[in-house]
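To keep things clear, I will list the structure first and then write my remarks on it.
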Amino acid sequence: MDTKPKESLNMLISERFTFQNSEINSSTLLSSYSKWCSATHEGSYDDVRKDVSKALGIT
């Protein structure tokens, strides 16, 4: 990905998303993503997924 689109994506993520109720620091975005992947793999977000699925009518 070119630098400009990557910077735009990083800005969008930093402005719109949080990780464990904390802002995502763009300089640590890659490590935050890695932590999120690990937490997701361990099942930490299973309950959230179920609630979102119910809200969207996807069961």
Side-chain angles (χ1 to χ4, degrees):
M1 183 181 284
D2 292 334
T3 302
K4 189 84 168 168
K6 189 184 291 185
E7 290 172 1
S8 295
L9 179 59
N10 286 346
M11 185 185 317
L12 175 72
I13 291 170
S14 296
E15 290 176 354
R16 303 285 183 195
F17 297 96
T18 61
F19 177 70
Q20 296 179 340
N21 298 320
S22 299
E23 290 183 10
I24 296 174
N25 181 337
S26 60
S27 64
T28 62
L29 188 56
L30 289 176
S31 63
S32 295
Y33 178 74
S34 178
K35 289 177 188 176
W36 176 82
C37 286
S38 294
T40 300
H41 181 62
E42 294 167 1
S44 298
Y45 296 106
D46 287 350
D47 291 338
V48 174
R49 281 194 202 98
K50 289 176 188 173
D51 291 341
V52 171
S53 293
K54 286 179 188 175
L56 296 174
I58 306 168
T59 54

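Reckoned from all heavy atoms, side chains included, excluding hydrogens, waters and symmetry mates. For this chain, numbers begin at 1 and follow the sequence in order.
Atom-to-atom distance recorded for Met11:CE and Arg16:CZ is 11.0 Å, nearest 0.5 angstrom.
Listed by chain and number, the residues in a salt bridge (charged side-chain N to carboxylate O under 4.0 Å, His left out) with Asp51 amount to none (sequence neighbours excluded). Legend: residues meeting side-chain hydrogen bond (donor to acceptor under 3.5 Å, both in side chains) with Asp47, ordered by chain and number and at least two apart, are absent.
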